[in-house]
Amino acid sequence: MLINLLKFRFKNALQGWIDDPHAVLDLIRPSQDPKFGDFQANLAMPLGKQLGRPPREIAAEILKGLEIGDLCTEPEIAGPGFINLRLRDNVLAEFLQKALADRDRLAVPLLGEAEKKRILVDYSAPNVAKAMHVGHIRSTVIGNALAHILKFLGHEVITDNHIGEWGTQFGMIIYGYRHFLDRTAYEANPVLELSRLYREVRRRVDEPGSTLGPLVLEETAKLHHGDPENLALWNEFVPVCMQEIDRMYKRLGIRFDHTLGESFYQPMLAPLVEELLKNGIARETEGAVGVFLEGEEVPMLIRKKDGAFLYSTTDWATIRYRIREFRPDTILYVVDFRQSHHFQQLFAAAGKTEAHPPELVHVKFGTVLGDDGKAFKTRSGDTVGLESLLDEAEQRAFQIVAANDDAKPVEAGLLTEDERRETARRIGIGALIYADLSQNRESDYVFSFDKMLAMNGNTATYMQYAYARVQSIFGKGNCDPETLRDLKEPIRLNDPRERALALELLKFDEALESAVRDFRPNQLTAYLFELANRYSTFFEQCPVLRAESESVKTDRLRLCDLTARTIRKGLELLGIQTVERM
RNA sequence: GCGCUCGUAGCUCAAUGGAUAGAGCAACGGAUUUCUAAUCCGUAGGUUACAGGUUCGAGUCCUGUCGGGCGUGCCA
């Protein structure tokens, strides 16, 4: 909001004597340091170079033509030619009032029709053969957050969970089921037993000198060819696995518009390969069928020599189906970076069959590592199950919630047992989601229970706490925030802490935009942390209910209300809930 | 071998080519008869792996070296 206004004014000032004002407008940014004002324009340096004149001279000239007096105090030229801008308090107040009055969007503008896109987000995509583990959480929470933010900004978003239930892993399970089944264990907990069978077969296949590999592949091939017995087993296994997976999504508060698994595309695979063979895009190679792509050493295989299909085949068919069915402008694949090469090939391949392929983006993320820097495993060599992680998060949160509640004076009003449990659930799950989202998604991260479930410092809890403290003020002051939202009196910002908070509140829209620009939710977590931080400082230094006058009190309450709503909306977009008391 | 990717404080991580590289944790020192201390204020901690280069300006871009991770036709 603020920055766009400034850009517009600069554009007008540059019009006429600069060829392409748009190229340099991105150099208007929030200041890194408050002493450089609220915003800084860094465009005089490159323009100076371009025009062969001293940057400070250029900056002065820009200022001469810049009509900005209504928005900012007198701009300063500093250093090599930075233009430092400080907004007038009445301008901040005006925007705060707009945000306060906007019940749904906090004055975050909706995208114009021209900028709107239809975006399909492919994320989570668990493998039903294996129990969901800590690695799955990344795709799930990142995809969910991106989908929410994109939608809030005005894009049309379609989410699709591309469940893995048709690959070689099923051959392993079927083979395991026939040879190593523990019937009692299966009846007690089928998913656990299937997942054990998977690991068991996997282990045996990987043993040196093992002859199991071909037998396992044969089971997969039989399934793909419609063998009734294997199909019957498949039909038995998938629903129980899906129940398990759905339970996780429910706990995480995640829903998909579509859940079209690999098997959904199964009927399209054979025709696709035939078509590609016929039109010469694919050809036979060493008994298999592959597509030879420019610049690639090896072909992308789409049919094995035993006739079974590969994930490239399914993914290709999926792209075609999505184009036909959803007509997306963009498809995002929120998938582990180790599949980079696969997507690179797939995207290139899709370009061969689709006349106007959508923009295809691999939103890749790093691996979850152990202390040793290797892919994360527990001591027993297993990955950490997602369910036990969720359980532990909630348990830890419960301990802290209960301890804090007990420590409160009785008159503060204790939580009921149910409230404690629900509060712990929101805080624990929130901590887990936040720990993941707050990292740059492209880096690997070292798994640590303590870090992932931490509830101090830069965590969701910190924001939930700030939110709860606002609610507490409204409760104690017996004030309905609704009564503050349409006040006409301008907000006065007399204290530097008030002003710092106000300025941050007005950057919400920019935080959202930067979170989707490079598909990095950590841009939003960083913003929310900064916001909560400024609120905490304000909270310490600026009494609200005991303010020196009624008008100061009202203005501070308005800041409190907008802070709470911004935090709640921000967390909600990340898939994290707030609590009224904690 | 080739390709991709990463290397930032003791640890975990930030930083759309912009000014003096920032947080959290850990450490140390302060603040509480509280509008909720799950907090705040402060101190300390850096040759951004190394060497060149491009640029008015480089943690960021380019080249090389060293080190890690991943990928490299019948898994996903």
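Since the structure is predicted, the reported quantities are computational estimates derived from the model, not experimental observations. For the numbers below, each heavy atom of this structure counts, side chains included, while hydrogens, waters and symmetry mates do not.
Nucleic acid contact class of A:Ala125 (heavy atoms, under 4.0 Å, all strands): none. No engagement by A:Arg497 is indicated, since no non-hydrogen atom pair under 4.0 Å with the nucleic acid exists. Using a 4.0 Å heavy-atom criterion, one finds that A:Glu262 contacts the sugar-phosphate atoms exclusively. If you check every strand for non-hydrogen atoms under 4.0 Å, A:Gln523 touches sugar and phosphate atoms only. Within 4.0 Å (heavy atoms only), A:Lys35 reaches at least one base atom of the nucleic acid. Within 4.0 Å of A:Val401, counting heavy atoms only, lies at least one base atom of the nucleic acid. Residue contacts for A:Phe529: at a heavy-atom cut-off of 4.0 Å it reaches the sugar-phosphate backbone alone, with no base atom in range. Note on A:Pro299: a base of the nucleic acid sits closer than 4.0 angstrom, heavy atoms only. At the heavy-atom level, A:Asn84 lies under 4.0 Å from base atoms of the strands shown. When heavy atoms are screened at a 4.0 angstrom cut-off, A:Cys479 is found touching no nucleic acid atom at all.
Rounded to whole Å, the separation between the P atoms of B:U8 and B:A15 comes to 14 Å. B:G46 and B:U65 are spaced 23 Å apart, taking the C1' atom of each and rounding to whole Å. Comparing the C1' positions of B:G18 and B:U60 gives a spacing of 11 Å, expressed to the nearest Å.
Remark: C1' of B:U12 and CD of A:Gln439 are 7 Å apart, rounded to the nearest angstrom. What separates CZ of A:Arg338 from P of B:U5 is a distance of 17 Å, to the nearest Å. Straight-line distance from the CD atom of A:Gln40 to the P atom of B:G18: 9 Å, rounded to whole Å.
Nearest nucleotide to the side chain of A:Asp444, out of B:G69, B:G73, B:C75: B:G69. Closest contact between the side chain of A:Phe82 and the listed nucleotides B:C40, B:A38, B:G18 involves B:G18.
With respect to A:Arg558 and A:Asp555, a salt bridge is recorded, a charged nitrogen being found less than 4.0 Å from a carboxylate O.
Within a 6.0 Å radius of CG in A:Asn478, other residues, nucleotides and ligands contribute 12 heavy atoms or fewer.
Close placement of the A:Tyr333 and A:Phe347 rings is indicated, their centers lying within 6.0 Å of each other.
Base pairing in RNA chain B gives the following stems of 3 or more Watson-Crick or G-U pairs, range against range and under 3.5 Å: B:1-7 with B:66-72, B:10-13 with B:22-25, B:27-31 with B:39-43, B:49-53 with B:61-65.
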